[in-house]
Amino acid sequence: YHQQHGGVSRYAKFAHFLDTILGVPAAQRDALLQQLLERYAAICARELLRCPLIPGVAGLLEALPPATVAHVVTGGAQDEVRAVFAARGLARHFASVLGSPVSKRDNMRTLAAGGALRGRALYFGDAELDMRLAEEFGLDFVYVWGASEWADGRASCPHPQIADFTELGFRDL
């Protein structure tokens with residue numbers, strides 16, 4: 001379920017796990033959901049601070065012209081991702097970092113309503129949901145398969161595909 005629903009927030013995935021797969025009684029569900037979310041958040045915070053960046057992405061970010069306005073729309077917890085980006089020196093590259101508990105689609109709607117998606121825009125993503133959102137909002141899409149859990153993404157994605165950003169000529173500094 002997790003791999004088939006890449007880009008969907010942990011809130012929705014854990015709720016599905018408890019409600020549909022385990023059938024946890026309502027009286028226990030909320031407390032168990034909170035426990036799972038807290039444990040998962042601690043793991044994510046620790047691992048996101050030390051995991052390697054996708055090869056070439058640091059070079060790409062450094063090469064962006066100053067007038068480029070970039071946004072992050074993630075299924076990850078917004079507060080965690082913002083904290084990690086700040087700690088790793090990545091936040092300065094982005095006008096906004098939007099994540100869960102708000103869905104990716106709703107965050108894309110917010111960007112669109114604010115005019116952030118006007119003109120030509122490029123969406124890099126690693127999940128089928130990312131592709132669908134790029135199509136829905138009229139954005140060019142590049143599938144980053146080297147970072148993906150989308151099982152048949154390479155075969156079913158009709159858009160340009162890269163394993164990582166070194167394929168675009170960017171190197172890490």
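Because the structure is a prediction, the values reported are computed rather than measured.
R88 contributes no side-chain N or O that, together with a main-chain N or O of A83, makes up a donor-acceptor pair within less than 3.5 Å. For the pair S156 (side chain) and D152 (backbone), a donor-acceptor distance under 3.5 Å is present. At distances below 3.5 Å, not a single donor-acceptor pair connects side-chain atoms of T20 with backbone N or O atoms of F17. The closest donor-acceptor contact from the side chain of S100 to the backbone of S103 lies at 3.5 Å or more, if one exists at all. Judged purely by atom type and a 3.5 angstrom limit, S148 uses its side chain to pair as donor or acceptor with the backbone of W150.
Checked against a 6.0 Å centroid threshold, the rings of Y40 and F14 count as neighbours. Aromatic ring centres of H71 and F94 lie farther apart than the 6.0 Å criterion allows. Here F141 and F124 keep their ring centres 6.0 angstrom or further from each other.
Under the 4.5 Å side-chain heavy-atom criterion for ILVMFWY residues, a single connected hydrophobic cluster contains both V81 and L61. In the hydrophobic cluster analysis, where Ile, Leu, Val, Met, Phe, Trp and Tyr join through side-chain heavy atoms closer than 4.5 angstrom, L122 is grouped together with V97. Cluster membership for V144 and L129, using ILVMFWY side-chain heavy atoms within less than 4.5 angstrom, is not shared. Grouping the Ile, Leu, Val, Met, Phe, Trp and Tyr side chains by contacts below 4.5 angstrom, directly or via other members, places Y11 apart from V102. The cluster map of Ile, Leu, Val, Met, Phe, Trp and Tyr, joined by side-chain heavy atoms under 4.5 Å apart, puts F137 and L98 in the same cluster.
Side chains of L90 and V84 form no contact here, defined as non-hydrogen atoms less than 4.5 Å apart. Contact check for L133 versus K104: side-chain heavy atoms found under the 4.5 Å cut-off. A 4.5 Å side-chain heavy-atom check between R10 and C44 finds at least one atom pair inside the cut-off. Between D172 and L53, the closest side-chain pair of non-hydrogen atoms is not below 4.5 Å.
One finds no salt bridge joining R171 and E62 here, because no Lys/Arg side-chain nitrogen approaches an Asp/Glu carboxylate oxygen to under 4.0 Å.
When all heavy atoms are compared, the tightest approach of G56 to F170 is O-CB, 3.4 Å. Shortest non-hydrogen contact noted between H2 and K13 is ND1-NZ, 2.8 Å. The nearest pair of heavy atoms linking Q78 to G99 is OE1-N, 3.1 Å. Closest non-hydrogen pair, R50 versus E47, comes out as NH2-OE2, 2.6 Å. The minimum heavy-atom distance between I162 and E167, with the atom names listed, is CA-OE1, 3.6 Å. Nearest heavy atom pair, residue A95 against residue V69, reads CB-CG1, 3.7 Å.
H93 contributes atom NE2, which lies 10.0 Å from atom CZ of F85 (distance to the nearest 0.5 angstrom). Rounding to the nearest 0.5 Å gives a distance of 6.0 Å between CD of E136 and CZ of R109. Taken to the nearest 0.5 Å, the OH atom of Y1 stands 7.5 Å off from the CD1 atom of I21. We find the CG-CZ distance between D140 and R120 to be 4.5 Å, quoted to the nearest 0.5 Å. Put simply, OG1 on T166 and CG on L60 are 11.5 Å apart, with the number rounded to the nearest 0.5 Å. Note that OG of S96 and CZ of R82 are 7.5 Å apart. Values are rounded to the nearest 0.5 Å.
The 12-atom threshold is not exceeded at CZ of R118, counting heavy atoms of other residues, nucleotides or ligands nearer than 6.0 Å.
With respect to Q28, the side chain to side chain contact (heavy atoms under 4.5 Å, CB included) criterion is satisfied by exactly one of L32, D30, V24: V24.
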